[in-house]
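What follows is a set of notes on a single structure, which appears directly below.
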Amino acid sequence: MEFYSILKNDLNSAIRETLLKEHVSLDIQLNETKKEFEGHTTFVVFPLVKQVGKAPEVIGETIGKWLMENSTVVASYNVVKGFLNISLKDSFWIEAFAKIQEETYFSQRKSTGEKVLVEYSSPNTNKPLHLGHIRNILLGWSVSKILQFEGNEVITTQVINDRGIAICKSMLAWKKWGNGATPASSGIKGDHFVGDYYVKFEQEFVKEYQVFAESEAGAKLFESQKKENQEQSEFFKAFKNKYFNEISPLGAEARQMLLDWEAGDENTIQLWKQMNGWVYDGFDKTYETLGVSFDSVYYESDTYLLGKKVVDEGLTKNVFYREPDSSVWINLEDAGMDKKIVLRSDGTSVYITQDIGTAKKRYEDFGAKKMIYTVADEQDYHFKVLFEIAKRLEEPYAEGLFHLSYGMVDLPTGRMKSREGTVVEAKENAGERGELAHMSHEEQEDIFSKIGLGAIKFFIIKVQPQKRMIFDPKESVDMQGATGPYIQNAFVRIQSLFRKSETEQQTKVLSFPETLNEGEKTLIQLLMTFPEVVAAAAKQYEPSGVANYAYALAKEFHKYYHETRILGAESETLKTFRLQLSKEVALALKTSLYLLGINMPDRM
RNA sequence: GGCUCCGUAGCUCAGCUGGAUAGAGCAACUGCCUUCUAAGCAGUAGGUCUCUGGUUCGAAUCCAGACGGAGUCACCA
């Protein structure tokens, strides 16, 4: 809906009739008038100066005068330098508000008929979910909601990395040192429980490696293989991987386990299923707490062999080429990237091969030509390569692939190292208690959960994804200022008004007042921008704008609430109007937060 | 080293399809609850928008370079 089309037409006419006689049709750009100046919307005349050949002030005055005489929507104007500030008539705002009320302004848009697949979370089963995952999950979920709101058919999914050497390390450590413990017996959340054994393995491995490095064999190895001037510690740091694969007894056991797994060994598979089951229980708890879900799930144990067929096809199309050692590559140098291997010399897949195969499978499963991957920015290059390969394979979905990349989450003390166990779970911060008398325990819990989660979610999602962010656990549960609870509070205040006024059933204003105060105009102006804010968020796959919008609207409402009597308005007409305006504000706030994955309490 | 991302108030962040004197919140300080929920409102103070050039009537915003930080460039995932 274009609220300003009349004004833009008028501006065009004004320019044509008074300044430029030629039949030019300009794309009129309007800016919001800065608070320190009078007016609602501003037309910048500088771009006309050259064409017209008059001073900016003169142009502004000329247009302003014409508007006063001819425009049905302009109430007054003032010119400051090259800025034509326009105040719009109360009738303009009232009509705009009527339109907002009439239309389903805050409900889901008509179907676009487009399917979009949104992947997010996609954890490994050897590590518990940590803050980075939380950011991932909130982003992915929010983007899925925004795309859905814009009328797309959204399918949420994740691919769980449930196999490989890492999970074998956890399994081995549990077998060796677990003494049959379970999450239930130890009271530890499943994903943390298994993650602890991964850490245990690493610790034991490091010990073993240290002993080796200090042994005679280690000394010999260092002497025979060191590079010139290489320190001993440096050498062993670099040699660690090789040690794991070639010398370590622990490494050998873990690798044997992987081989057993690949061979389908019954005991190994059973252990694997059991431990992954624990992990999934833990994941599910977190998903439930965060209020997110998935329409489909892929497991890497099912998909890790995919992609080989695609490689064969790519070979016949000459997209890929085979080296003499029979490894398969793609050369992306002409696109500014490197050569990339897609099949090892032993014929097995690498990571990107799986992704090529999985993308194809997803397309076959769902037919979505758009696929969003919510993955941290350390994989930027990987996705650049993946998408380029899809293009060269001429996949029908190649143009619709998007990497929703986001920066790492740091703690104030520095980068998190989940592997070393310094993980923080948002959930643990989400139970802050306040005072809500005369409510049942359950009701209170529900409200606290909405507020606590609202605080943390808003804290994370208001930051632009591409920026690395610092997560201060203390600050994240703040409830004053630019926070989730601040927005929730604006909504709650409105609910309270309706509880008192008992006019909830009434959906429309029967008669409008003749004049509005500035606060009302500003609120209407903000409401008007809701669709473009959401549309922009959908287009860029970027929710932070919605968060900023919700905050701006809540702030404006808090101010209005403070300055203007709503229930105690001077007339019944005014009271009804103000209540209805508040109602639309509440709807805008609730919808905005819904799009961010945040729930609204009715009281707090 | 090549490529990518980031650099705005003490701290956390907006603003970036070029527009006016660069905005919020937190922290600090001052007021406002017998009045619709004070998780609120109003105010004070805080800036070389990393730097240097360029384009432009106009640059935090676009371009180039430098500096600082991060990531990545595996027959790892």
Side-chain angles (χ1 to χ4, degrees), chain A residues 29 31 33-37 42 44-47 49-50 56 80-83 85 124 161 163-166 241 300 304 323 325-329 336-352 354-355 376-382 384-385 405-408 410 412 415 434 451 454-455 459 462-472 474-476 478-490 492-501 536 544-545 547-548 551-552 554-555 557-569 575 578-579 582 603-604:
Chain A
Q29 300 280 344
N31 298 309
T33 305
K34 287 209 150 204
K35 271 183 188 151
E36 57 264 44
F37 298 99
T42 295
V44 184
V45 305
F46 285 115
V49 171
K50 222 178 221 173
V80 182
K81 290 190 267 179
F83 300 90
N85 300 319
N124 295 349
N161 180 4
R163 63 164 291 280
I165 193 71
N241 221 7
E300 222 174 85
Y304 81 109
E323 285 285 341
D325 69 355
S326 82
S327 58
V328 179
W329 297 74
M337 288 172 258
D338 299 320
K339 288 175 184 153
K340 180 80 190 173
I341 192 162
V342 293
L343 230 47
R344 295 189 186 100
S345 49
D346 64 4
T348 56
S349 317
V350 293
Y351 181 50
I352 201 155
Q354 294 175 40
D355 272 358
D377 63 5
E378 58 192 354
Q379 295 198 39
D380 282 356
Y381 180 71
H382 170 78
K384 226 178 131 187
V385 170
S405 169
Y406 61 91
M408 293 287 161
D410 294 314
R415 185 178 175 173
I451 296 170
F459 184 83
K462 71 174 181 187
V463 181
Q464 293 171 341
Q466 73 269 24
K467 293 199 179 172
R468 209 181 170 97
M469 71 172 290
I470 294 174
F471 182 90
D472 186 337
K474 265 187 240 151
E475 221 180 296
S476 73
D478 270 358
M479 295 174 183
Q480 280 154 18
T483 66
Y486 175 92
I487 298 163
Q488 290 171 325
N489 185 229
V492 162
R493 282 176 142 183
I494 296 168
Q495 300 318 298
S496 174
L497 287 177
F498 277 97
R499 277 195 295 273
K500 293 214 159 127
S501 76
S544 73
N548 286 318
Y551 173 64
K555 189 175 159 68
F557 182 79
H558 275 306
K559 183 182 166 157
Y560 177 70
Y561 181 88
H562 185 259
E563 287 173 352
T564 309
R565 306 297 301 170
I566 295 168
L567 295 178
K575 176 180 155 186
R578 286 176 179 171
L579 274 170
S582 301
R603 299 166 201 263
M604 60 196 284

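Naming: A, B, ... by sequence-line order, numbering from 1 per chain. Treat the numbers as computed from the prediction; the structure is a model and nothing was measured.
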By the 4.0 Å heavy-atom rule, please label [X] as base, sugar-phosphate, or nothing.
X      : answer
A:V44  : base
A:V49  : nothing
A:N85  : base
A:T42  : base
A:S582 : nothing
A:M469 : sugar-phosphate
A:I341 : base
A:P56  : nothing
A:Q29  : nothing

Can you say whether a donor on the side chain of [X] sits under 3.5 Å from an acceptor on the base of [N], or the other way round?
X      : N      : answer
A:T483 : B:rA39 : no
A:S345 : B:rC75 : yes
A:D410 : B:rA70 : no

Given [options], which nucleotide is nearest the side-chain atoms of [X]?
X      : options                : value
A:T33  : B:rA20, B:rU37, B:rU4  : B:rA20
A:P485 : B:rC41, B:rC57, B:rA39 : B:rA39
A:K555 : B:rU37, B:rA24, B:rG23 : B:rA24
A:N161 : B:rA77, B:rC73, B:rC36 : B:rA77
A:N489 : B:rU72, B:rC41, B:rU37 : B:rU37
A:Y381 : B:rA39, B:rC26, B:rU72 : B:rU72
A:E378 : B:rU72, B:rA20, B:rC57 : B:rU72
A:D338 : B:rC75, B:rC73, B:rC36 : B:rC73
A:S327 : B:rU37, B:rC75, B:rA24 : B:rC75
A:I470 : B:rC41, B:rC36, B:rC13 : B:rC13

- Reported CG-to-CZ distance for the pair A:L579 and A:F498, which is rounded to 0.5 angstrom: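 Nearest 0.5 Å value for the CG-CZ distance: 4.5 Å.
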For [N], what is the paired nucleotide under Watson-Crick or G-U wobble rules, both distances under 3.5 Å?
N      : answer
B:rC26 : B:rG10
B:rC49 : none
B:rA60 : none
B:rU37 : none
B:rG71 : B:rC3
B:rU21 : none
B:rC16 : none

Verify the contact: side-chain N or O of [X] to OP1 or OP2 of [N], cut-off strictly under 4.0 Å; return yes or no.
X      : N      : value
A:K462 : B:rG15 : no
A:R344 : B:rA77 : yes
A:Q464 : B:rG15 : yes
A:K34  : B:rA20 : yes
A:Y486 : B:rC41 : yes
A:K467 : B:rA70 : no
A:K339 : B:rC73 : no

Same-atom distance ([atom1]) from [N] to [M], integer angstrom:
N      : M      : atom1 : value
B:rC3  : B:rU8  : P     : 24 Å
B:rU61 : B:rG18 : P     : 12 Å
B:rG10 : B:rG58 : C1'   : 32 Å
B:rA28 : B:rC11 : P     : 16 Å
B:rG53 : B:rG46 : C1'   : 30 Å
B:rC49 : B:rC6  : C1'   : 14 Å
B:rU30 : B:rC62 : C1'   : 43 Å
B:rC63 : B:rA27 : C1'   : 39 Å

- Item | Steps toward side-chain contact (heavy atoms from CB on, under 4.5 Å) verdict (A:V463, A:Y406) | CA-CA 10 Å; A:V463 181; A:Y406 61 91; over 6 Å; no
- Message: If you compare all heavy atoms of A:D325 against all heavy atoms of A:S345, which two are closest, and at what distance to 0.1 Å?
- Response: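 Nearest pair, atom of A:D325 first, then A:S345: O-CB, 3.3 Å.
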- A:W329 versus A:K339, closest heavy-atom pair with distance: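 Looking at all heavy atoms of both residues, the closest pair is CE3-CB, 4.0 Å.
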- Give me the ring orientation class for A:Y486 and A:Y551: parallel if the planes are under 30° apart, tilted from 30 to 60°, perpendicular past 60°.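 A:Y486 and A:Y551: tilted rings.
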If you measure from the ring centre of [X] to the centre of the six-membered ring in the base of [N], is it under 5.5 Å, with the planes under 30° apart?
X     : N      : answer
A:F46 : B:rG58 : no
A:F83 : B:rA20 : yes
A:F37 : B:rA20 : yes

- Query: Syn or anti for B:rC73, with syn set at within 90° of 0?
  - Reply: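 Base orientation: anti.
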- Query: Whole-Å distance between B:rC76 P and A:Q379 CD?
  - Reply: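 That distance rounds to 16 Å.
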- Task: Return the value, rounded to whole Å, for the distance between atom CE of A:M604 and atom P of B:rU37.
- Result: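 Atom CE in A:M604 sits about 13 Å away from atom P in B:rU37.
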- Item | Ring-face cation contact, A:Y304 with A:R163, 6.0 Å cut, 45° max |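 Positive - A:R163 is close enough to the ring of A:Y304 and near enough to its axis.
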- Using a distance-only test with no angle check, is there a side-chain donor-acceptor pair under 3.5 angstrom linking A:T483 and A:D478?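 There is no such pair between these side chains.
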